[in-house]
Amino acid sequence: MNTQNVSSETTTSTEDSEPSASEKQPPVLNGLNNDDVTEFIENNYHDTTIEQWNDWKWQIKNSITKSEDLISILGKKKENIILNIPENHLPFRITPYFASLLDRLESEHPLYKTIIPTVNELNSCEGEKTDPLDEESDSPVKNIVHRYPDRALFLVTGFCSTYCRYCTRSHMVSKRTDIHVSKTDWEEAFEYLERHTEIRDVIVSGGDPLTMNDIQLEYILSRLRNIEHIEIIRIGTKVPVVLPQRITPELVNMLKKYNPLYLSIHFTHPDELSRETRRACNMLADAGIPLGSQTVLLKGINDDVDTMKKLMRQLLTVRCRPYYIYQCDPIPGSEHFRTTVEKGLEIIKGLRGHTSGYAVPHYVIDAPGGGGKIPILPNYVKEVTEHGIVLTNYEDKEFLYPL
Ligand SMILES: *Cc1c(COP(=O)(O)O)cnc(C)c1O
């Protein structure tokens, strides 16, 4: 496997004449390079042209849906891996692109665990629930979750191009027979949003909304834009990471018509920031779409200060502002993914003050039972005395702010 670090080589691209500002990134990042993709395509998708490979619809059509097939592509051992996924269990799906990224990384890379189902998923333990956030009881109509006073979640599809094994909505994604929610299903949701004038922020999520085509997506966005009280629209997606080919000039031009529109991108690990993903983020940012990141804290995958610090810093280089780190939701079979809250606090403590404030997201627990997102912070207030408040800084030095 070619994981050599070639970043010291010349970074001038010779194949493109005039690189745009956003493409003046070094072409080689994290030891990944284009030649690896070409070889991967030749080895696994004979007779596929690079044009086909770069077509997002080809990527979805040719996605790998059997863990067995992925294992044979990657030449992995089969220990602990579920080959026949039980019915009603979160299915397996990964884009050829994301498989090629895994292939470019070392064989024990933690990102494998995020998408390959293992037998650990079959062991439910106490406290785990299929709908841990109890979204069901905050759902006034199908596909809407209205929990906070001024904003609502609109679940427009149950489909994702790649399924994360720790998905908080694993009970609902991909369970429909037709891929996306139908227009009539959306209608009830639009009517609810129209009626509820207190809603000024709609988060379009799923599933992954960016797996829909431009026409379907524009239908949703234009319907929402026509509702006067909706001030901002957000889209929650992992597409720039698992299907960066989807971020086309046409998509970006369409999205920017609906501003203010924010994009929350699900990132897990710094090695996801391949040159393809960086290109996708830069295109979105160039179109003036504010980007934020959401990261789930995962045991053995990103639960250390160095990995998180690297991820958050690299996100800023593609103009994506770290927004949330989530404590992993207790879905059934998630014990092997969940780490302690102390670990999360240690990570926040290792970021704040040690790197740009912009690189420090909010660390939250989405409270089981539907309490919503609760922020947790290291304790910087040592004590409150008659003289003032005693604070500890990032270096654990004490300071007094007088009362
Ligand atoms: C996360 C979430 C939101 C948005 O929360 P913000 O803190 O505003 O990003 C809204 N509704 C539901 C149900 C959510 O889970």
Side-chain angles (χ1 to χ4, degrees), residues 1-7 9 27-56 58-86 89-123 160-167 174 238-239 241-245 267-278 298-302 307 311 333 336-337:
M1 217 150 292
N2 187 359
T3 53
Q4 61 186 323
N5 186 351
V6 283
S7 57
E9 282 179 18
V28 175
L29 288 150
N30 301 333
L32 308 180
N33 83 47
N34 249 1
D35 295 343
D36 298 336
V37 185
T38 321
E39 201 182 301
F40 182 83
I41 299 171
E42 272 167 22
N43 288 342
N44 300 293
Y45 298 91
H46 326 276
D47 301 327
T48 299
T49 63
I50 195 77
E51 287 74 27
Q52 285 174 312
W53 176 266
N54 286 328
D55 173 357
W56 70 273
W58 182 93
Q59 286 281 335
I60 288 190
K61 226 177 274 157
N62 290 278
S63 287
I64 306 156
T65 55
K66 286 193 184 129
S67 38
E68 205 166 353
D69 293 343
L70 182 74
I71 288 151
S72 76
I73 287 175
L74 299 177
K76 286 266 300 176
K77 293 184 305 213
K78 294 188 186 177
E79 272 166 52
N80 289 334
I81 289 165
I82 312 178
L83 293 180
N84 295 308
I85 294 178
H89 192 77
L90 178 71
F92 174 79
R93 176 175 274 275
I94 174 176
T95 57
Y97 161 77
F98 204 62
S100 80
L101 180 86
L102 294 181
D103 184 57
R104 286 179 267 174
L105 301 168
E106 71 267 25
S107 65
E108 290 308 313
H109 195 283
L111 278 174
Y112 282 83
K113 293 189 224 165
T114 64
I115 54 105
I116 298 186
T118 64
V119 292
N120 300 324
E121 283 179 22
L122 305 173
N123 305 323
C160 287
S161 64
T162 298
Y163 290 114
C164 307
R165 305 319 301 176
Y166 48 84
C167 177
S174 82
K238 198 179 169 71
V239 152
V241 180
V242 291
L243 182 62
Q245 295 77 9
F267 276 99
T268 300
H269 193 279
D271 288 343
E272 288 173 328
L273 280 141
S274 67
R275 139 179 163 140
E276 294 91 331
T277 291
R278 300 180 68 97
L298 297 167
K299 196 200 250 167
I301 294 167
N302 59 15
T307 304
L311 173 62
H336 58 298
F337 282 126

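All values derive from a computational prediction rather than experimental measurement.
When all heavy atoms are compared, the tightest approach of F267 to L311 is CB-CD1, 4.1 Å. H89 and L122 get closest at one heavy-atom pair: CE1-CD2, 4.0 Å. Nearest heavy atoms, C164 versus L90: O-CD2, 3.3 Å. Residues I41 and T48 approach most closely at CG2-O, 3.7 Å, considering heavy atoms. Across all their heavy atoms, F337 and K113 have their closest contact at CZ-O, 3.4 Å. Here the closest heavy-atom approach between residue F98 and residue V241 is recorded as CD1-O, 3.7 Å.
Side-chain atoms of Y97 and S161 form no donor-acceptor pair, as typed in the model, at a separation below 3.5 Å.
Evaluation of the salt bridge (charged side-chain N to carboxylate O under 4.0 Å, His left out) test over residues 41-50, restricted to residues two or more places apart or in two chains, returns none.
Within the 4.5 Å cutoff, no side-chain heavy atoms of I85 are placed close to those of P91. Counting only heavy atoms from C-beta outward, the side chains of L102 and L111 approach each other to under 4.5 Å.
Within the model, atoms CG of L83 and CG of D69 stand 10.0 Å from one another, a figure rounded to the nearest 0.5 Å. Atom CD1 of I116 sits about 11.5 Å away from atom CG of N80, to the nearest 0.5 Å. In this structure, the separation between CG on D271 and OG1 on T307 is 8.5 Å, given to the nearest 0.5 Å. Here the CD1 atom belonging to I301 is positioned 9.0 Å from the NE2 atom belonging to H269, to the nearest 0.5 angstrom.
Judged as a side chain to side chain contact (heavy atoms under 4.5 Å, CB included), and not counting sequence neighbours, the contacts of H336 are T118, N120, E121. N43 is linked by a side chain to side chain contact (heavy atoms under 4.5 Å, CB included) to E39, counting only residues two or more places apart in sequence or in another chain. Considering only residues two or more places apart in sequence or on other chains, T114 meets the side-chain hydrogen bond (donor to acceptor under 3.5 Å, both in side chains) condition with none of them. For Y166, the side-chain hydrogen bond (donor to acceptor under 3.5 Å, both in side chains) criterion is met by H266, T268, not counting sequence neighbours.
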Enumerate donor-acceptor pairs with a distance under 3.5 Å from any side-chain N or O in residues 61-68 to protein atoms, sequence neighbours excluded.
unit_1 : atom_1 : unit_2 : atom_2 : d
N62    : ND2    : W58    : O      : 2.9
S63    : OG     : Q59    : O      : 2.8
S63    : OG     : I60    : O      : 3.3
S67    : OG     : I82    : O      : 2.7

L70/I115 under side chain to side chain contact (heavy atoms under 4.5 Å, CB included): CA gap, chis, key distance, verdict: CA-CA 10 Å; L70 182 74; I115 54 105; 3.8 Å; yes
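Ring orientation note: the planes of F40 and W53 are nearly perpendicular, at an angle over 60° on the 30°/60° scale.
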